[in-house]
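Remarks on the structure that follows.
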Amino acid sequence: MSSLRSELETRIQGWAKTHFPKIGPGPWVRPCADPRHGHFQTHLPMVAAKQTGANPREIALRLAQECPTPPDWANPEVAGSGFVNYRVHPAAVAKAVETLRKDPAFGILQTPKAETIVMDFSSPNIAKAMHVGHIRSTLLGDSLSRLLSRCGHKVIRINHLGDWGTQFGKLLLAYRQAGRPALDPNRSIQQLEEFYKKGHEQAESDPKKMDEARAELAALQTGETERMKDWQHFCHRSAEHFHEIYRRLGVTFDLEKGESAYHDELPGLVEELLRLKIAEISQGAVVVHNTNISEEPFLIRKSDGAFLYGTTDLAALRSRVRDLHANRIIYVTDGRQQLHFRWLFDTAQKWNQHVALEHVWFGTILGPDRKPLKSRDGTPIKLGDLLDEAKERAKKILQEKRPDLSGEVLNAKAELLGIASLKYADQMPGRNLDYVFTWEKLLAFDGNTAPYILNAYVRSRSILRKAGIPASPDHPIVLGESAEEELSRQLLRFGEVVDLAASDRKPHHLCGYLFETAGMFHRFFEACPVLQASSPALQKSRLTLVGLTGDILREGLGLLGIPTLEEM
RNA sequence: GCGCUGUUAGCUCAAUUGGAUAGAGCAUCUGACUUCGGAUCAGAAGGUUAGAGGUUCAAGUCCUCUACGGCGCACCA
């Protein structure tokens with residue numbers, strides 16, 4: 001399904017290829033920043049002039065004369081130092097909207113080069129509560145998975161759980177001292193954290209206890225039956241906690257595979273890298289050197305023989321290529337791990353792993369003092385508490401606006417609205433900024449927020465209900481008012497925005513688009529009566545526009561992992 | 001010290017990847033309603049894009065330097 005923009009783009013590219021064969025492939029068409037100039041513009045003449053030394057305005061005039069516009073477009077105008085401006089007649093917009101209405105993908109194009117993409121995200125640690133530090137990876141990974149799979153890729157979502165760290169020595173020490181009690185499902189994470197804290201304190205203050213903790217870890221790693229049983233118990237209880245959070249967030253995984261799954265492969269992997277001369281021994285440890293990246297090497301085996309984070313990542317990477325046939329692996333983590341991933345990718349390349357590797361990173365979460373965020377007691381804010389707070393704040397506002405609601409209905413709406421606000425607020429800013437956490441910002445309900453967009457959606461559904469129409473109608477489009485024409489042109493952009501968000505790995509482009517769309521809908525709503533429209537044809541046209549706007553808002557929010565509701 | 005990354009309105013952020021007069025929200029002020037759901041709309045005000053040079057027809061965007069943040073740099077994950 002081609003958009004207005006791509007129709008023009010194709011024509012201009014064709015013209016450019018004939019007259020300026022050496023010029024780049026474009027894109028050459030973009031929307032005008034200032035609507036007074038027109039709807040679309042191209043600056044191709046200035047680029048062409050630079051290459052050939054010709055006068056840009058002359059090229060612009062030739063382009064305007066020789067390159068035919070699609071049907072129902074105004075004659076192009078040459079402006080400035082070599083821009084050509086284009087304007088679409090409402091009739092062409094109307095026709096394009098009718099076509100969009102019939103497209104089940106709402107203008108989203110399927111990629112011509114579908115890949116199998118592994119999305120590695122969220123990755124919490126066993127025996128610890130999920131905290132705010134996990135929210136961005138979880139939501140960003142989820143949205144990117146949705147976007148890329150909607151564009152036609154096969155996405156495999158993987159939760160690479162931290163289930164094999166050295167923390168288990170201290171945890172086992174305290175847990176076994178306490179007589180290996182069964183964990184209470186309602187507070188198992190809290191119990192595990194307490195055991196870890198006890199074990200940690202003992203080990204830090206007493207070298208003998210530290211040795212005992214190391215012995216516990218060693219026993220676990222050799223697969224001693226009782227320790228393995230304890231460890232599995234920790235994993236089960238932790239998984240219950242994670243799944244409850246993921247259920248509330250609406251996030252799913254295709255594969256939950258922890259670091260422990262690769263444990264047996266690590267010795268052979270390191271030997272292989274040594275044999276291939278990719279790795280070498282340095283100061284008793286096994287390392288991979290690349291001075292283009294840093295003076296320091298990438299460590300894959302400690303001098304005491306133990307393996308590291310990077311070793312496990314290499315094993316996981318190989319498994320994803322070998323067993324899952326991944327063409328691409330996208331890791332979604334905090335930006336502090338950039339160096340780690342450069343090392344990892346460099347090693348994978350030397351190792352001849354045929355896979356595209358990307359590190360999609362995001363800024364650190366900071367408190368209001370711009371220091372990494374901690375709650376009052378010094379531990380990070382728990383994700384469960386954050387979700388509860390979101391729900392409570394939503395509930396308070398709902399109780400004001402909808403005093404008729406109570407019980408389960410109120411609860412369900414509060415949960416949906418609270419979490420929607422949180423998700424939107426987290427994804428709205430560009431991902432590589434550091435992220436200053438405040439409750440107010442994350443749980444705001446006014447302005448550029450999920451409730452604003454959801455409100456637009458709810459109103460669209462309400463009009464259709466009032467008109468007695470169950471689904472989105474499909475009538476001829478008649479455009480008169482500027483508000484409805486502007487809204488129409490915006491709806492036609494949906495596909496290209498989704499493509500940009502997916503290919504740039506930046507869902508925030510979609511947030512901005514949806515906010516704009518909701519705003520245009522609200523303005524349309526003020527300016528254009530629908531049920532009281534002046535003629536039946538106009539009413540049908542506007543109902544179609546209302547339905548389509550609602551559908552696109554719902555689709556777009558869905559790609560951000562935000563569900564809609566029919567009534568606020 | 002080396003490296004990564006950032007600095008845009010009082011605050012929080014955009015800016016279609018080098019395009020025309022840098023846009024939103026919040027906060028402030030002024031308007032619109034016995035609403036097709038006001039969680040709305042219209043308007044005002046708010047800027048030397050940290051600073052200085054450079055490249056270019058064109059720079060918030062690219063290059064160099066400076067200032068100020070955040071982060072990472074061998075046996076944690």
Side-chain angles (χ1 to χ4, degrees), chain A residues 5 27 30-34 36-37 41-43 46-47 49-50 56 79-83 85 123 125 162 164-167 259 282-287 293-304 306-310 312-313 334-340 342 361 363-364 366 370-372 397-398 400-402 417 425 428-430 432-434 436 438 440-441 444-456 458-459 461-467 493 496-497 500 504 508-509 511-513 515-516 519 522-523 525-533 539 542-543 546 567-568:
Chain A
R5 178 175 172 174
R30 59 185 61 201
C32 289
D34 187 337
R36 279 173 301 181
H37 291 130
Q41 65 170 240
T42 181
H43 62 277
M46 289 178 286
V47 180
K50 185 147 195 144
S81 48
F83 292 98
N85 292 324
S123 310
N125 290 323
W164 203 246
T166 49
Q167 72 271 26
E259 296 169 329
S282 166
Q283 299 175 25
V286 179
V287 304
I293 295 175
S294 74
E295 291 298 318
E296 292 74 28
F298 183 40
L299 223 71
I300 58 173
R301 193 176 72 196
K302 306 198 312 191
S303 48
D304 66 2
F307 302 102
L308 296 110
Y309 180 42
T312 307
D313 270 352
D334 188 287
R336 285 177 288 191
Q337 296 187 37
Q338 283 177 90
L339 181 58
H340 168 77
R342 287 186 67 190
W361 61 270
T364 312
L366 308 171
R370 298 200 65 85
K371 300 280 174 199
I397 293 173
L398 271 167
E400 264 173 46
K401 311 232 177 205
R402 292 290 306 272
L417 278 169
M428 203 251 301
N432 23 4
L433 272 94
D434 281 348
V436 179
T438 62
E440 288 63 34
K441 193 169 63 177
F445 280 27
D446 297 318
N448 189 353
T449 62
Y452 177 86
I453 300 168
L454 286 167
N455 185 44
V458 162
R459 292 173 83 173
R461 304 309 295 175
S462 165
I463 291 180
L464 296 185
R465 267 201 308 278
K466 283 239 161 91
R493 286 184 52 219
E496 67 191 55
V497 171
L500 178 70
D504 248 12
H508 86 276
H509 285 126
C511 292
Y513 170 83
F515 177 62
E516 280 172 17
H522 281 131
R523 287 192 282 282
F525 197 84
E526 298 278 328
C528 304
V530 177
L531 299 177
Q532 311 295 326
Q539 189 197 73
R542 287 181 177 170
L543 281 169
V546 166
E567 292 175 33
M568 291 294 256

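Every chain is numbered from 1 and lettered A, B, ... according to where its sequence line falls, protein lines coming before strand lines.
Taking 4.0 angstrom as the limit, A:T364 places none of its side-chain polar atoms (N or O) nearer than this to OP1 or OP2 of B:G70.
A:A425 is linked by a side chain to side chain contact (heavy atoms under 4.5 Å, CB included) to A:L442, counting only residues two or more places apart in sequence or in another chain. Under the side chain to side chain contact (heavy atoms under 4.5 Å, CB included) criterion, A:V47 pairs with A:I23, A:W28, A:H43, not counting sequence neighbours. Every residue two or more places apart in sequence or in another chain that forms a salt bridge (charged side-chain N to carboxylate O under 4.0 Å, His left out) with A:R402 is listed here: A:D404. In terms of the salt bridge (charged side-chain N to carboxylate O under 4.0 Å, His left out) criterion, A:R342 has no residue partners (sequence neighbours excluded). Applying the side chain to side chain contact (heavy atoms under 4.5 Å, CB included) rule to A:P429 yields no partners; only residues at least two apart in sequence or on another chain are considered. Partners of A:D446 according to the salt bridge (charged side-chain N to carboxylate O under 4.0 Å, His left out) rule, which considers only residues two or more places apart in sequence or in another chain, do not exist here. Listed by chain and number, the residues in a side chain to side chain contact (heavy atoms under 4.5 Å, CB included) with A:C528 are A:E481, A:A483, A:E484, A:F524, A:R542 (sequence neighbours excluded). A:R493 meets the salt bridge (charged side-chain N to carboxylate O under 4.0 Å, His left out) test with A:E516; sequence neighbours excluded.
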Report all interatomic pairs (protein N or O, nucleotide N or O of nucleotides 22-27 of chain B) with separations under 3.5 Å.
residue : atom : partner : partner atom : Å
B:G25   : O2'  : A:N448  : N            : 3.3

Under 3.5 Å, N/O pairs linking protein and nucleotides 41-45 of chain B:
residue : atom : partner : partner atom : Å
B:C41   : OP1  : A:Y452  : OH           : 2.4

Which pairs, protein N/O on one side and nucleotides 14-16 of chain B N/O on the other, fall under 3.5 Å?
residue : atom : partner : partner atom : Å
B:A14   : OP1  : A:G430  : N            : 2.4
B:A15   : OP1  : A:H508  : NE2          : 3.0
B:A15   : OP1  : A:H509  : NE2          : 3.4

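A:A79 comes within contact range of at least one nucleobase, with a heavy-atom separation under 4.0 Å. If you check every strand for non-hydrogen atoms under 4.0 Å, A:E259 touches sugar and phosphate atoms only. Contact annotation for A:Q338: backbone-only contact, meaning every heavy-atom pair under 4.0 Å involves sugar-phosphate atoms and none involves a base. Counting non-hydrogen atoms under 4.0 angstrom, A:L299 reaches a base of the nucleic acid. Heavy atoms of A:D313 sit nowhere under 4.0 angstrom from any nucleic acid atom. At the heavy-atom level, A:K441 lies under 4.0 Å from the strands shown only through sugar-phosphate atoms.
Rounded to whole angstrom, the span from the CZ atom of A:R36 across to the C1' atom of B:G19 amounts to 16 Å. When the P atom of B:A74 is taken as reference, atom CD1 of A:I300 falls 17 Å away, rounded to whole Å.
Counting only Watson-Crick and G-U wobble pairs whose two distances sit under 3.5 Å, RNA chain B takes part in these stems of three or more pairs: B:1-7 with B:67-73, B:10-13 with B:23-26, B:28-32 with B:40-44, B:50-54 with B:62-66.
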